[in-house]
Amino acid sequence: MKKSLNQNLLFALPSMVLSRQNKLYFHTKTGFIEQLQRCNNVISMTSTHASVLKSGFLNDTFTANHLMNCYVRLQETHDAHQLLDEMLEPNVVSYTSLMAGYVNMGQPKIAMCLFQMMNGSLVSPNEFTFATVINACSILADLRTGKKVHSHVEVSGLRDNLVVCSSLVDMYGKCNDVDRARRVFDSMGCRNVVSWTSMIVAYAQNAQGDEALNIFREFNYLLGDRPNQFMLASVINACASLGRLISGKVTHGAVIRCGYDSNDVVASALVDMYTKCGDVSYSDKVFQRILKPSVIPYTSMIVGAAKYGLGRLSLGLFEEMIARRIKPNDVTFVGVLHACSHSGLVDEGLKHLNSMYEIYGIKPDAKHYTCVVDMLGRSGRLDEAYQLAKSIQVDANAGALLWGTLLSASRLHGRVDIAVEVSKKLIESNQQVAGAYVTLSNTYALAGDWENVHSLRSEMNRTGVYKEPGCSWVEIKDRTYVFYAGDKSIERGSEVWSLMRKLEQEMKKRGYVGENTGLVFVDVEEEAKEEILSMHSERLALAFGLISIPKGITIRIMKNLRMCKDCHEAFKQISDIVERDFVVRDINRFHHFKNGSCTCGDFW
DNA sequence: GTAGGGTTAG
């Protein structure tokens, strides 16, 4: 029969008592608690537990809670749980601290079970309990339970509690219910920087970056508080998701002025933002300034370089981080494989796939295999890619990505046979149906099989399958230019088209041929052309922007600026990083000029 | 004993 934790300790007790005899006999409740607070390893913990047991103080809930908290702190949740089971009168602190322990140990489900168990007892939850269990729902993105807990909060008299409401905002955000998050946020009588950050994150992580920036503006305007590193990292993330280079740079200025530029998390967000906003060289400059980059900034930079086709740079960074004994994670390998895929480094990619588990103990999963399928597919090794895809066990979402990847590769290399098989899989499983139809149709078009193209189009019309037009956008100076696939009426459209033709000629001159360049159209139907254009419109718009922005307007204005010390430092650093034509505009926004001196506060 | 941030393949 299994012995209880306390029974086990009784067996261990005699030797412990003997070795610490003199101290133990004089213990008081306060003495035990002080001793427990000092415990920093399991051996001293076990010994103290034994003494508490012997003294009889274990029946005292307050002392037992300290004991349990100590187990939780040492990550011995199993022992802490056993202690709770054996407590005579566990109270709200006993339940809540164990719940928090499970959440911190990555076992939020057990925390939720404990909450249920507690509700079945006579103990009522308090604000700490609610914040903890809501956090568990948030980690699991469990909206159903989250709503139930929310109702419980409403009747518990804690609906005005700042921490509970902030955790509700966060929970709804993580469960992709932004409207509910906003409703809770709006209902709050009192908010702090955490509640505002939770709302910003809720918007940013649910593809509503504009709203995230609006609410950040509101925060600055209403509160005049300085944002902290959490808020700034979230705002930078929102800029990244929108491709808003200027807003990103302005926020970068705020980061420097507020003194968070050496923060690892903020720097990672900046590296990622500059990549997504169109300039990997800024990312590199920010990255170079990080004194001791951890795995995440390294990964951001590896992924960033990979996206720009700088595979060798990605692999060099990977080697550098290994040499610095920084352990890669699963995302790092996604970046490495992505880099190999986009730079045609197939053999090296396969080598990295094999080393993942063998050397680093990371088991490749669907996302890694999807990268490898993409890598083999891009390089024309379609049969191997197909074989690999068939051998992977995936759930529906990962499957959609995997087969979608193979389908694109089949189209790229005109492998109608594989494209047909793969589209069938996608359409039958009701995944990416419209995309599958269009890509299959384009594959037929590339092969000159117009009969099948037309029959697919009729089938799409008959079954009512509609492909949302692709959309991309780019921010140039203070304007956002939006491009929809197939929309020829875009502003300054004729300039875009003429620039595109120039680029096309330039690329041809340098030896690019075929549709791999993305700008050279093959003889396909109108819709297929539009799809190819939309894939590249972002880069196109960037190129378009670069030749349209007037330069050289900056130096004179700058000389007249009188800046406070903080702003001057921010300006010096940021001008190392960004180009001057953007900087002046940003710098003007960093400052308020009153009576000839500089006051800061409004980032926008 | 409680709430918030960064990297992920087509």
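Residue numbers start from 1 in every chain, and the chains themselves are labelled A, B, ... in the order their sequence lines are given, proteins ahead of strands.
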Remember a base hit wins even if backbone is also touched, and classify [X] as base, sugar-phosphate or nothing at under 4.0 Å, heavy atoms.
X: A/N161; answer: nothing
X: A/H66; answer: nothing
X: A/N263; answer: base
X: A/S97; answer: sugar-phosphate

Could you identify which residues of residues 190-207 of chain A place a heavy atom less than 4.0 Å from some atom of DNA chain B, listed by residue number, or say none?
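The answer is A/N192, A/V193, A/V194, A/T197, A/S198, A/V201, A/Q205.
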I need the residues from residues 372-387 of chain A with at least one non-hydrogen atom less than 4.0 Å from DNA chain B; give them sorted by number, or say none.
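Residues of residues 372-387 of chain A under 4.0 Å from DNA chain B: A/D374, A/R378.
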Please verify the inter-ring angle class for A/H352 with A/F318; under 30° counts as parallel, over 60° as perpendicular, anything in between as tilted.
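Correct class here is perpendicular.
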Give the ring-plane orientation class for A/F115 versus A/H152, where under 30° counts as parallel, over 60° as perpendicular and anything between as tilted.
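It falls in the tilted class, 30° to 60°.
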Could you check which of [options] has an atom nearest any side-chain atom of [X]?
X: A/C371; options: B/dA9, B/dG5, B/dA3; result: B/dA9
X: A/V93; options: B/dA9, B/dG1, B/dT2; result: B/dG1
X: A/H338; options: B/dG6, B/dA9, B/dT2; result: B/dA9
X: A/P297; options: B/dG6, B/dG1, B/dT7; result: B/dG6
X: A/T299; options: B/dT7, B/dG5, B/dG1; result: B/dT7
X: A/D272; options: B/dA3, B/dA9, B/dT7; result: B/dT7
X: A/L162; options: B/dA3, B/dA9, B/dG1; result: B/dA3
X: A/V266; options: B/dT8, B/dA9, B/dG5; result: B/dG5
X: A/H342; options: B/dA9, B/dG1, B/dT2; result: B/dA9
X: A/F128; options: B/dA3, B/dT8, B/dT2; result: B/dT2

Distance (rounded to the nearest 0.5 Å) between A/F230 CZ and A/T197 OG1
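Going from the CZ atom of A/F230 to the OG1 atom of A/T197 covers 8.5 Å.
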Would you find a donor on one side and an acceptor on the other, under 3.5 Å apart, between the side chain of A/H368 and the backbone of A/D330?
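Confirmed, A/H368 side chain pairs with A/D330 backbone.
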At under 4.0 Å, does any side-chain N or O of [X] touch on OP1 or OP2 of [N]?
X: A/K367; N: B/dT7; answer: no
X: A/K307; N: B/dT8; answer: yes
X: A/K276; N: B/dG6; answer: no

Could you give the [atom1]-to-[atom2] distance, from [X] to [N], as a whole number of Å?
X: A/I326; N: B/dG6; atom1: CD1; atom2: C1'; value: 16 Å
X: A/L353; N: B/dA9; atom1: CG; atom2: C1'; value: 13 Å
X: A/I302; N: B/dT7; atom1: CD1; atom2: C1'; value: 10 Å
X: A/M231; N: B/dG6; atom1: CE; atom2: P; value: 13 Å
X: A/M356; N: B/dT8; atom1: CE; atom2: C1'; value: 12 Å

In chain order, what residues pass the salt bridge (Lys or Arg N to Asp or Glu O under 4.0 Å) check against A/R183, with sequence neighbours excluded?
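Partners of A/R183 under the salt bridge (Lys or Arg N to Asp or Glu O under 4.0 Å) test: none.
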Could you tell me which residues satisfy side chain to side chain contact (heavy atoms under 4.5 Å, CB included) with A/H66, sequence neighbours excluded, listed by chain and number?
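For A/H66 the side chain to side chain contact (heavy atoms under 4.5 Å, CB included) partners, ignoring immediate neighbours, are A/I33, A/L36, A/Q37, A/F62.
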With A/C165, which residues qualify under side chain to side chain contact (heavy atoms under 4.5 Å, CB included), at least two apart?
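A/V184, A/M188.
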A/V178 versus A/Q205: any side-chain heavy-atom pair under 4.5 Å?
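No, their side chains stay 4.5 Å or more apart.
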Taking N and O atoms by type only, does the side chain of [X] place a donor or acceptor under 3.5 Å from a partner on the base of [N]?
X: A/S234; N: B/dG5; result: no
X: A/D264; N: B/dG6; result: yes
X: A/N228; N: B/dG4; result: yes

So which of A/R182, A/R191, A/E211, A/E218 actually passes side-chain contact (heavy atoms from CB on, under 4.5 Å) with A/M199?
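Exactly one pass, corresponding to A/R182.
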Between A/R324 and A/Y298, does a side chain to side chain donor-acceptor pair (under 3.5 Å) hold up when you go through it step by step?
CA-CA 11 Å; A/R324 292 171 80 166; A/Y298 259 109; 2.9 Å; yes
With sequence neighbours excluded, give me every salt bridge (charged side-chain N to carboxylate O under 4.0 Å, His left out) pair touching residues 384-393 of chain A.
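The answer is A/R381-A/E384.
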